[in-house]
There are 2 protein chains.
Amino acid sequence: MTVLDSAPVGTTTPPASVCAVLEQQRHGRPVGRDRYTISEVAGCTGLSVHTLRWYERIGLMPHVDRSHTGQRRYTDRDLDWLDLVGRLRLTGMPVADMVRYARLVREGAHTMAEREELLAAHREDVRKRIAELRSTLEVLDYKIDIYSDARRRAEAAEGA
Amino acid sequence: MTVLDSAPVGTTTPPASVCAVLEQQRHGRPVGRDRYTISEVAGCTGLSVHTLRWYERIGLMPHVDRSHTGQRRYTDRDLDWLDLVGRLRLTGMPVADMVRYARLVREGAHTMAEREELLAAHREDVRKRIAELRSTLEVLDYKIDIYSDARRRAEAAEGA
DNA sequence: TAGAGAGCTGGAGCGCACTCCAGGCAAGCG
DNA sequence: CGCTTGCCTGGAGTGCGCTCCAGCTCTCTA
């Protein structure tokens, strides 16, 4: 069962995706330890360690914990956050907007309206893009049909 | 005649889109003149004149005609081509791939199989992306629901 | 105790897709 | 005639999202 066909039931049932199904599909999230090194996280998110550090520098991560020697220790929460970030990125949200969202989350509950607004705007964007993609799909189907018709005809002529 | 050079029109009907509905939606293609200046084309495609010249430099345009003083004169065919390019671009095809496609078109009929392959690969890509976007849409819906539930609850508490 | 390996930092570099600039030419207008 | 407008060229610059580098520390194993 993929992310795609998770049942969208009542208002409060999360799609399985939000629970980091994605990571499991990639390389599996190491289980039940809740303190992951940067390379483990890289492995299970598909991001590079460079990118993970960079995300932190630009304020896209909610304060990552450190070991006594100063190494990063990511939690399951961090992985969930990275899952969301990955989705927003895949759907084309600019990093700057994600940073803004991250800042709002850090600032606490009084920013929830603004966060909702931000996500709703992005949802509209995604909807528009789906429509665009679908319309291009039609064009592609049309053109590919023409090519394959031509090919079939050429093959038939050659056979004759 | 479309971009597809000597279209061996088969059983399929073109989606209206391929006939440059897009441009008409934007600023309208000047009618029936078939010789457009670069700024007219910029106006009706939404591309900048810089971008149009750049497309030509990198080999993404099929030889644009010139006036006696050396200025570009685009034809309806060029606009159709730009329509296709715009769609491929909107759907995330890398410019390098479009250039490759353009080269194949220039090289003539014997490259049709390769062109078909290229477009089919891109179609797969687009399909995958639509699925991705849809799955993120679920996540967004879920999160937005949470936010708006929380907001409604807060408003209710305030009202009480 | 030496070497390998993973992680740390600030900052430089890169690829893509434009975007703009300087300097010049041709046509039209008052 | 000068001025403005629109277009030309090669090449430099920009913004985004990473990606990599140099030089360091810490820990673990032989």
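What's counted below: heavy atoms across the whole structure, side chains too, no hydrogens, waters or symmetry copies. Each chain gets a letter, A, B and so on, in the order its sequence line appears, and its residues count up from 1.
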May I have the distance from B:Ile38 (atom CD1) to D:dC8 (atom C1'), rounded to whole angstrom?
9 Å

Mind checking side-chain hydrogen bond (donor to acceptor under 3.5 Å, both in side chains) for B:Arg66 and listing every partner two or more places apart, or none if nothing turns up?
B:Glu56

Tell me every residue that passes side-chain hydrogen bond (donor to acceptor under 3.5 Å, both in side chains) with A:Arg77, counting only those two or more places apart in sequence or in another chain.
none

More 5' along DNA chain C: B:Gln71 or A:Arg72, using each one's nearest nucleotide?
A:Arg72

Calculate the interatomic distance between B:Arg35 atom CZ and D:dC7 atom P; express it in whole Å.
14 Å

To the nearest 0.5 Å, how far apart are CZ in B:Arg89 and OG1 in B:Thr51?
8.0 Å

For A:Arg73, all residues meeting salt bridge (Lys or Arg N to Asp or Glu O under 4.0 Å), sequence neighbours excluded
none

side-chain hydrogen bond (donor to acceptor under 3.5 Å, both in side chains) involving B:Arg53 - partner list, sequence neighbours excluded
none

Reading nucleotides 12-24 of chain D from the 5' end, what letters show protein touch, with B for base, S for backbone sugar-phosphate only, - for no heavy atom under 4.0 Å?
-----SBBB----

How would you label the contact of B:Arg66 with the nucleic acid (heavy atoms, under 4.0 Å): base, sugar-phosphate, or nothing?
sugar-phosphate

Residues at least two apart in sequence or cross-chain that pass salt bridge (Lys or Arg N to Asp or Glu O under 4.0 Å) with A:Arg115, listed by chain then number, are none

Excluding sequence neighbours, so at least two apart, what forms side-chain hydrogen bond (donor to acceptor under 3.5 Å, both in side chains) with B:Asp97?
none

5' to 3' contact window, DNA chain C with chain B (heavy-atom distance under 4.0 Å)
C:dA17 to C:dA27

Applying side chain to side chain contact (heavy atoms under 4.5 Å, CB included), name anything that partners B:Arg152, two or more places apart in sequence or on another chain.
B:Ser148, B:Asp149

